[in-house]
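Okay, so here's the structure we're looking at.
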Amino acid sequence: MIKLPVETPTATLRYALAPDPTGIAAIEATFAAYARMMEILAEVAPVGANLVSLHAQAYETIRRETGLPARLVTLGLRDRANYAADAAVRRIPLDDKLFAIKGPTSLTISTVSGRVLVPFEVPGYVSGWESPFPAHLVSDGRGYEIHIAVKSKSAQPEEKTMLHEGILARMGRLLAAIASQTIDNAENANKVALVKQAIREIDAGADEARYALGKSRAEEFRLKRRREELDTETANLTEKIRLAIAENREDLARAGVARQIDLESQMIALERAMDFIELEIDEQTKALQAMLGARREAEARLTDLEQSLIRESQQETNRGPSPTNTMSAERAMAAIARVTGVPAASVLGDKELDELDRLHREKEIAARLERIKSQQ
C-alpha cells in the first residue's frame with residue numbers, strides 16, 4: 001500500500017481581534033494564568049520530562065490554581081519546551097475546541113472567565129508556519145490576533161476536526177452570501193441563483209451539523225453509561241471491603257482498596273472526556289441553530305427577490321402569485337424535517353412545524369428580555 005504524505009502548513013491566516021473591555025480582561029487573565037502554569041511546571045520537573053508523568057504530577061495543580069480550560073492545560077504541557085517567558089510576543093496554543101468562528105465577523109475564545117465573543121477582521125495571510133499546534137492566540141502588547149495554520153490540502157485529514165471547522169466556516173460564508181449588500185452587487189440574472197445556491201449549501205451544512213451532533217450525543221451516552229458502571233462497582237467494593245475487614249481478611253480488603261483506586265483514576269479520565277464532549281455538543285448545537293436561522297433568512301430573501309422580479313416584469317403584471325413561493329415553502333419544510341428529525345405530515349396544510357419553530361423563538365426572545373430587565 002502506498003502511503004501518501006501529509007502536507008504541512010505553509011502559511012498563516014491572521015484574525016485581528018477587537019475585544020471589548022470585558023474581553024480584554026478575560027484574555028489578559030488567560031495569558032497570566034498560562035504564565036503561571038509554566039511556573040508550576042518549572043517547579044515540578046525539568047524541561048524534557050516525560051509528558052505522561054508531567055501530566056500526572058502537575059495537571060490537577062494547574063487546573064486548581066489557574067482555572068485554565070482543561071484543553072488548554074493539555075496543549076500547554078506539550079508547549080512547555082517551546083515556551084519563552086520573556087518573549088516580546090506572547091503566544092497561547094489553540095485548537096478547534098478552544099476557539100470557534102461564529103459568523104463572518106465574530107468568534108469565541110475559551111478563557112479563564114469562560115467563552116468570550118470577540119469581533120474580528122481578516123488582515124490577510126503571511127507565509128510560513130513552524131508550530132506543532134493548529135492555531136495561536138497572539139499578543140504583541142498593542143493588540144490581539146489569532147494565527148491559524150493554512151495548507152492547500154491534506155491527504156489524511158482528521159475527520160472530526162475538518163467536519164467541525166467545515167461547518168463553522170461554511171456558516172460564516174453563507175451568512176455573508178445572503179447579506180443584502182452581496183445580493184445587491186450581483187447581476188440581476190444571478191441574484192435568485194445566488195440565494196438558491198446558498199440555500200442548498202445551508203441544507204448540506206445543516207445535515208453535517210446534525211450528523212456531527214448525533215455522533216457526539218452517542219459518545220456522551222457511552223461515557224455516561226461507563227461512568228454509571230464505575231460508580232456501581234465502586235459502591236459494591238465499599239461493602240465488600242467492610243465485610244473483609246469485619247472478617248479479619250486484610251489481604252482481601254487491600255485488594256479491594258487497590259481496585260477502588262484504579263476505578264477512581266478511570267473516573268477522572270471519564271470526567272475530562274465528558275468535559276470535552278459537552279463542549280463539542282454545545283458548539284455543534286449552536287452551529288445547527290445558526291444554520292436554521294440562515295435558512296429562514298435565505299428563504300425570506302428569495303421570496304423578496306422573486307416578488308421584486310415579478311413586479312419589474314411588465315409581461316407578468318397580471319399574473320397571480322408565483323408558484324415558486326410554494327416550492328420555497330416545500331423546501332423549507334423539507335429542510336426543517338431533515339434537521340429536526342420530525343417528518344412533515346402535510347407541507348401545504350399542516351402548520352405544526354412552523355408553529356413549533358415560532359414558539360421556540362418567542363420563548364428565547366422572552367427569556368432574553370427577562371435577563372436584560374434583571375440586569376438593569
Side-chain angles (χ1 to χ4, degrees), residues 26 30 33-34 37 51-52 55-56 58-60 62-64 66-79 92-102 107-117 132-135 137 146 148 156-172 205-234 262-292 338-341:
T30 304
Y34 194 76
M37 180 183 74
L51 186 60
V52 176
H55 188 283
Y59 180 88
E60 295 299 337
I62 292 170
R63 288 277 286 154
R64 183 175 61 254
T66 67
L68 288 169
R71 184 67 175 177
L72 183 52
V73 175
T74 301
L75 295 181
L77 295 176
R78 294 171 51 199
D79 184 44
I92 291 179
L94 299 175
D95 62 9
D96 65 310
K97 295 180 177 62
L98 291 172
F99 83 99
I101 306 299
K102 310 308 292 183
L107 55 80
T108 60
I109 309 174
S110 290
T111 70
V112 293
S113 303
R115 295 189 77 86
V116 295
L117 183 67
F133 304 102
L137 174 61
I146 287 182
I148 303 174
Q156 297 174 336
E158 182 181 352
E159 177 185 356
K160 182 166 63 175
T161 300
M162 294 303 293
L163 178 62
H164 180 70
E165 292 177 347
I167 291 172
L168 295 176
R170 182 180 294 110
M171 180 184 67
D207 288 341
E208 284 188 28
R210 185 166 178 256
Y211 172 75
L213 183 59
K215 289 181 62 178
S216 297
R217 289 290 188 189
E219 179 67 10
E220 180 188 40
F221 177 77
R222 186 186 68 82
L223 292 173
K224 287 182 177 179
R225 287 293 301 271
R226 180 55 181 161
R227 185 173 60 183
E228 292 171 0
E229 293 174 358
L230 293 179
D231 287 338
T232 301
E233 187 174 354
T234 301
D262 292 340
L263 294 177
E264 289 169 359
S265 298
Q266 294 183 43
M267 286 291 293
I268 293 174
L270 279 176
E271 290 297 332
R272 293 171 188 166
M274 286 292 295
D275 289 341
F276 294 151
I277 203 67
E278 287 174 1
L279 179 61
E280 283 190 349
I281 289 174
D282 178 66
E283 292 295 336
Q284 291 158 355
T285 300
K286 290 177 180 177
L288 183 55
Q289 291 172 346
M291 286 292 180
L292 293 176
R338 282 200 307 275
V339 172
T340 62

Ignoring hydrogens and angles, tell me if any N or O in the side chain of D207 forms a donor-acceptor pair with the backbone of R210 under 3.5 Å. no
Heavy-atom side-chain contact between I148 and F99 under 4.5 Å: yes
Taking only residues two or more places apart in sequence, or in another chain, which ones meet R115 in a side-chain hydrogen bond (donor to acceptor under 3.5 Å, both in side chains)? T108, S110, E283
D282: side-chain hydrogen bond (donor to acceptor under 3.5 Å, both in side chains) partners, not counting sequence neighbours: K286
Taken in chain and number order and not counting sequence neighbours, the residues that satisfy salt bridge (charged side-chain N to carboxylate O under 4.0 Å, His left out) with R222 are E219
Name all residues meeting the side-chain hydrogen bond (donor to acceptor under 3.5 Å, both in side chains) criterion together with T66; count only those two or more places apart in sequence or in a different chain, and write none if there are none. none
To the nearest 0.5 Å, what is the distance between CG on D79 and CZ on F133? 4.5 Å
Roughly how far apart are R225 CZ and L230 CG, rounded to 0.5 Å? 12.5 Å
Which residues pass the side-chain hydrogen bond (donor to acceptor under 3.5 Å, both in side chains) test with E278, sequence neighbours left out? none
Just verifying a value: how many Å separate R71 CZ and D95 CG, rounded to the nearest 0.5 Å? 4.0 Å
To the nearest 0.5 Å, what is the distance between CD1 (I101) and CG (D96)? 11.0 Å
Can you name the salt bridge (charged side-chain N to carboxylate O under 4.0 Å, His left out) partners of R227, sequence neighbours left out? E271
Between T111 and A26, the two heavy atoms sitting closest are OG1-CB, 3.6 Å
When rounded to the nearest 0.5 Å, the distance separating CG of L72 from CD1 of I92 is 6.0 Å
Heavy-atom check, side chain of I109 versus side chain of T30, under 4.5 Å: no
Suppose we screen for side chain to side chain contact (heavy atoms under 4.5 Å, CB included). Which residues come up paired with A70, at least two apart in sequence or across chains? Y59, R63, F276
Heavy-atom pair of closest approach, residues L68 and V112: CD2-CG1, 3.7 Å
Working to the nearest 0.5 Å, report the span between CG of L223 and CD1 of I277. 6.5 Å
